[in-house]
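We count residues from 1, following the sequence as given. Predicted model, so just to flag it, every value in this text is computed and none were measured. Counting starts at 1 for both ligands and their atoms, in listed order.
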Amino acid sequence: MRRTVRDLASALEGEPVELWGWIWNKREHGKLVFVDLRDWTGVVQVAARAGLTDHDSLQVLRSLSRESSVRIFGTVVRDPRAPGGIEVRCSKAEAISPSTEDFPIRKGMGSKALYDHRHLHIRSPRMSALMRIRSNLVWSVHEFFRSREFVEVDCPTIITAAVEGGATLFEVNYLGRKAYLTQSVQFYQEAAIFGLGKVYSVQPSFRAELSRTPRHLTEFWHVEGEMAFCDLEGLMRTIEDLVRFVVLRTEELSRRELDLLRRRIRTEEVEGEFYRVRYSEALEVLRRAGREVEWGSDLGADEERIISSQFDRPLFITHYPKEAKAFYHKSDPEDPRVTLSTDLLAPRGNGEIVGAGVRIDDHEELLSRIRNSGLNPEDYGWYVDLRKYGSVPHAGFGMGVERVLKWILDLPHVRMASLFPRTPTRLYP
Ligand code: 4AD
Ligand code: MG
């Protein structure tokens, strides 16, 4: 009977099985051939030798190199010497398709070479485990929003005007017209809440970020949510609930993968209440750490690292100055110099994982903010229009999938969390 490697654990001693997979490794000890057979559920040791394995099959196994695809027939034996405690004694083996060249991925390979061969490297059990955890994380995002009656909306990726400033826009030749790749679906979501109330999206966003930091990709997956009749407090509560749920649920769904990677998700980091600090207090924290930042400047990656390394749980920084934030942020009626905005920073120096805020809902205020930011109101025609017909207070946020994975899995770089990462220097494969 055909089995996956994972189901072998429940097979009976001596049970005949058929396995399909790839040769992960091979060792020959005299008359014995050991093959580590890999499929998408794990790796198992297959033992072949004369007397046990038919002659032709033994020849096949001896001739095949790493990553050849094979069909193995044999019986299950519990053997404490085998990795995982199970061995398959091979009676017959067939090549499905042999590797025609030496598999280029080798131990100790440098990271550039590994990313050059990303299309092959992602076969490894470790990379597969990482991608499964990512899939579990995205699944948990959907579970969260569904349980709260958010409606998923799919928004355009090709757009005509910047959401997050012109500096990081990718230009696209759209049949002879100038267009851009989206940095965020926020504006479309703002249109959608008038009919749907609470919406969310999981889509790629694009940033022509030249900053080569361990937390910037040029294409990343963006979880965004927008809510009608929502204030800053409601927004922060939703973000806190989402992040806590996603971390705990991903940990619960990913035990096997975490074991394989020998990683632990520090669930204690999200169990307690998240910290809240105003922007002006964050400048104080920085000053005490020896870093002067002028009031009004945005906090860069370095500043966020300094702040977030002083906290053991995620931290909301709130009330950023107007000049540090995009034009659409509503100003605080109690202090118009600052906005009703917040960034959520992950602890241990990880920095921003969520950007969020209350939106300007007044028509005139939005127009004047667009003008004062040096932008052309005509570029934002339909967006401004939304404020003409029954505008309501509303707020929303964006969370980067790869940033969250980098934090909870302690990855050195966000690109590790991406199947085929896009960075300023990487567009292939
Ligand atoms: O803070 P950002 O720029 O906010 C927005 O785009 C809002 N329009 C979202 C909204 O309110 N609907 O980006 C949100 C998040 C960041 O906190 C970060 O997690 C992620 O997106 N992000 C990136 N991740 C990887 N590489 C990049 N270059 C990223 N830029 C932003
Ligand atoms: Mg931001």
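- Nearest protein heavy-atom neighbour of atom 3 (O) of ligand 1: R207 NH1, 2.9 Å.
- Coordination check, E352 versus the Mg ion (ligand 2): passed, since an N/O/S atom of the residue sits under 2.8 Å.
- Distances shorter than 4.0 angstrom occur between a heavy atom of L217 and an atom of ligand 1.
- Atom 21 (O) of ligand 1 has its closest protein heavy atom at F220 CE1, 3.3 Å.
- In this structure the side chain of L261 reaches within 4.5 angstrom of the side chain of I133, judged on heavy atoms.
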CA sep, side-chain torsions, deciding dist, call: F220, F206, ring pair (Phe, Tyr, Trp, His ring centres under 6.0 Å):
CA-CA 7 Å; F220 67 96; F206 302 86; 8.4 Å; no
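- D102 contributes atom CG, which lies 12.0 Å from atom CD of E67 (distance to the nearest 0.5 angstrom).
- Taking the six-membered ring wherever Trp is involved, the centroid distance between the rings of Y389 and F194 does not fall below 6.0 Å.
- For R215, the closest heavy-atom approach to ligand 1 falls below 4.0 Å.
- Taking 4.0 Å as the cut-off, Y328 counts as a neighbour of ligand 1 on heavy-atom distance.
- Side-chain atoms of Y328 and Q186 form a donor-acceptor pair, as typed in the model, at a separation below 3.5 Å.
- Relative to atom 15 (C) of ligand 1, the option among G398, G396, A417 with the closest non-hydrogen atom is G398.
- Comparing heavy-atom distances from atom 11 (O) of ligand 1 across E224, R359, R403 singles out R359 as nearest.
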